[in-house]
Amino acid sequence: MRKIVFDIETSNLFQDVASNDPAALDMSVCCIYDYETDKYSSFTKETLSDMWPIFEKADLLIGFNSDHFDIPILNKYYSGDLTKIKSLDLLKEVKNSLGRRIKLDTIAEATLGKNKSGHGLEAVVWWRNGEKQKVIDYCIDDVKITKDVYEYALKNKLLKYVEGKTIKDIKLNTTNWDKKDDTAMTFTLPF
C-alpha cells in the first residue's frame, strides 16, 4: 500500500480573500512524505506537475484537516479530482471520536512530547517576506509530526491530548486505515 503524508501552506489568509472557503486560498508549498521511497519532498505551484504522479499512485493520502483544507486547495491546481483517492484526515478521526476538534500541536505535545515549529499564520508572513526555505522547513516539520501521530495512532489505537492538567486519551478505530481501496488512481494525467 503506497501511503503519502502531506501538508500544505498558503500564501494568503481567509481575510485576504474575503471568504471562509479554503479553495479561495492560494498554495505556497506542499510537502510530502512517501512511504515507498522513505523520502520527504517539497513542491511549489511551479513544480506541482512533479508531485501529481506521486499522488496518483497513492493508495492513501494522510493529513491533518486535509479533507477540509489541504485537498480542496490542491484540487484547484489539479486537472483531476483528488477526492477520488482514499484519504485519512486525522483531525476528522479525532473529531469523530472526541466530538470536537483538537489542534495538531496539542496532540503532538501530549502524544509525542514535541511541538510544532510554528503555525500557519507565521508561514504566510515568511512566504510574503521571501523566506521560502523557512516555509518549506516548517511544512516538512508538520509532515513529520503528522506522520509520527499517524504511526502512534495506528500502533496504539489512540492519541493523547491535555485538558487542564490531565492527559487524556482519544480512542480511535484504526481498523480500516491501512486497508487498500479500489479507488486509487494508477495513471498519470498529461501535463
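For this chain, numbers begin at 1 and follow the sequence in order. On a predicted model such as this, the values are computed, not experimentally measured, just so you know.
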> For Tyr35, which residues count as a ring pair (Phe, Tyr, Trp, His ring centres under 6.0 Å) partner, sequence neighbours excluded?
Replying inline: Tyr33
>> Under a 3.5 Å distance rule, please check whether Asn75 uses its side chain to pair with a backbone N or O of Leu82 as donor and acceptor.
In response: yes
>> Salt bridge check, Glu151 against Lys147: does any charged N sit closer than 4.0 Å to a carboxylate O?
In response: yes
>> With a 3.5 Å distance limit and no angle check, can you tell me whether Asn156 reaches the backbone of Leu158 through a side-chain donor-acceptor pair?
In response: no
> Side chains of Thr175 and Asn173: is there a donor and an acceptor less than 3.5 Å apart?
Replying inline: yes
> Can you tell me how far the CG atom of Leu91 sits from the OG atom of Ser66, to the nearest 0.5 Å?
Replying inline: 8.5 Å
>> Can you confirm whether the side chains of Tyr161 and Lys103 place a donor and an acceptor under 3.5 Å from each other?
In response: no
> So, for Thr174 and Ala153, which heavy atoms are closest and what is the spacing to 0.1 Å?
Replying inline: CG2-O, 3.6 Å
> If you take all heavy atoms of Trp127 and Val135, which pair is closest and at what distance?
Replying inline: N-CG2, 3.6 Å
> How would you list, by chain and number, every residue that makes a side-chain contact (heavy atoms from CB on, under 4.5 Å) with Lys92, sequence neighbours excluded?
Replying inline: Asp67, Asp89, Asn96
> Would a hydrophobic clustering, with Ile, Leu, Val, Met, Phe, Trp and Tyr connected at side-chain separations under 4.5 Å, put Ile62 with Leu154?
Replying inline: yes
>> Show the nearest heavy-atom pair for residues Asp59 and Lys180, with the distance to one decimal.
In response: OD1-CE, 3.0 Å
>> When you measure from the side chain of Asp16 to the backbone of Asn12, do you find a donor-acceptor pair of N or O atoms at a distance under 3.5 Å?
In response: no
>> Would you say Ile167 ends up clustered with Ile145 if hydrophobic residues are merged whenever their side chains have heavy atoms under 4.5 Å apart, either directly or through other cluster members?
In response: no
> How about Ile170 and Leu172: do any of their side-chain heavy atoms sit closer than 4.5 Å?
Replying inline: yes
> Would you say Thr47's side chain and Phe43's backbone share a donor-acceptor pair under 3.5 angstrom?
Replying inline: no
>> Between Phe14 and Leu25, is the side-chain contact (heavy atoms from CB on, under 4.5 Å) condition met? List the steps.
In response: CA-CA 7 Å; Phe14 288 117; Leu25 298 173; 3.7 Å; yes
>> Could you check whether atom NZ of Lys157 has more than 12 heavy atoms from other residues, nucleotides or ligands sitting under 6.0 Å from it?
In response: yes
> What's the verdict on salt bridge (charged side-chain N to carboxylate O under 4.0 Å, His left out) for Arg100 and Glu163, showing C-alpha distance, side-chain angles and the deciding distance?
Replying inline: CA-CA 13 Å; Arg100 62 186 172 102; Glu163 189 168 72; 2.5 Å; yes
> Can you tell me how far the OG1 atom of Thr166 sits from the NZ atom of Lys168, to the nearest 0.5 Å?
Replying inline: 6.0 Å
>> Please tell me whether Tyr77 and Val124 are part of a single hydrophobic cluster in this structure, the criterion being side-chain heavy atoms less than 4.5 Å apart.
In response: no
>> What's the separation between atom CG in Leu60 and atom NZ in Lys179, rounded to the nearest 0.5 Å?
In response: 13.5 Å
> What's the spacing between Leu90 CG and Ile102 CD1 if we round to 0.5 Å?
Replying inline: 13.5 Å
> In Å and rounded to the nearest 0.5 Å, what is the NZ to OG1 distance from Lys144 to Thr146?
Replying inline: 12.5 Å
> Does Ser19 use its side chain to pair, donor to acceptor, with the backbone of Ala24 at less than 3.5 Å?
Replying inline: no
> Can you tell me how far SG of Cys139 sits from CD of Glu9, rounded to the nearest 0.5 angstrom?
Replying inline: 4.5 Å
> Where is the tightest heavy-atom contact between Pro22 and Asn20, given as atom of each residue plus distance?
Replying inline: CD-O, 3.3 Å
>> Do Gln133 and Trp126 have side chains that approach each other closer than 4.5 Å (heavy atoms only, starting at C-beta)?
In response: no
>> Between Asp34 and Lys3, does any NZ, NE, NH1 or NH2 come within less than 4.0 Å of an OD or OE carboxylate oxygen?
In response: no
> Run the side chain to side chain donor-acceptor pair (under 3.5 Å) check on Ser11 and Asp26 step by step: do they pass?
Replying inline: CA-CA 6 Å; Ser11 60; Asp26 294 317; 4.6 Å; no
> Under 4.5 Å between any side-chain heavy atoms of Val162 and Glu109, yes or no?
Replying inline: no
>> Give me the atom names and distance for the closest heavy-atom approach of Phe6 to Val143.
In response: C-CG2, 4.0 Å
> With distance as the sole test, does Asp169 use its side chain to make a donor-acceptor pair with the main-chain N or O of Lys171 at under 3.5 Å?
Replying inline: no
> Taking C-beta and beyond as the side chain, do Lys132 and Val29 meet within less than 4.5 Å on heavy atoms?
Replying inline: no
>> Please say yes or no: joined through hydrophobic side-chain contacts below 4.5 Å, possibly via intermediate residues, are Tyr150 and Met1 part of one cluster?
In response: yes
> Does a side-chain heavy-atom distance below 4.5 Å link Ile54 with Ile4?
Replying inline: yes
> Do the side chain of Asp21 and the main chain of Ala23 share a donor and acceptor less than 3.5 angstrom apart?
Replying inline: yes
> Given Ile73 and Thr10, is the side-chain contact (heavy atoms from CB on, under 4.5 Å) satisfied, shown in steps?
Replying inline: CA-CA 9 Å; Ile73 293 172; Thr10 64; 3.8 Å; yes
>> Donor-acceptor pair, distance only, cut-off 3.5 Å: does the side chain of Asp70 make one with the backbone of Ile8?
In response: yes
> Given side chains that start at C-beta, do those of Met27 and Leu74 come closer than 4.5 Å, heavy atoms only?
Replying inline: yes
>> Check whether Lys114 reaches the backbone of Asp105 with its side chain - one donor and one acceptor, N or O, closer than 3.5 Å.
In response: no
> Is any side-chain heavy atom of Asp142 closer than 4.5 Å to a side-chain heavy atom of Phe64?
Replying inline: no
>> Testing the basics here: between Lys116 and Tyr138, what is the closest heavy-atom pair and its distance to 0.1 Å?
In response: NZ-OH, 3.0 Å
> Salt bridge between Glu93 and Arg101, side-chain N to carboxylate O under 4.0 Å?
Replying inline: no
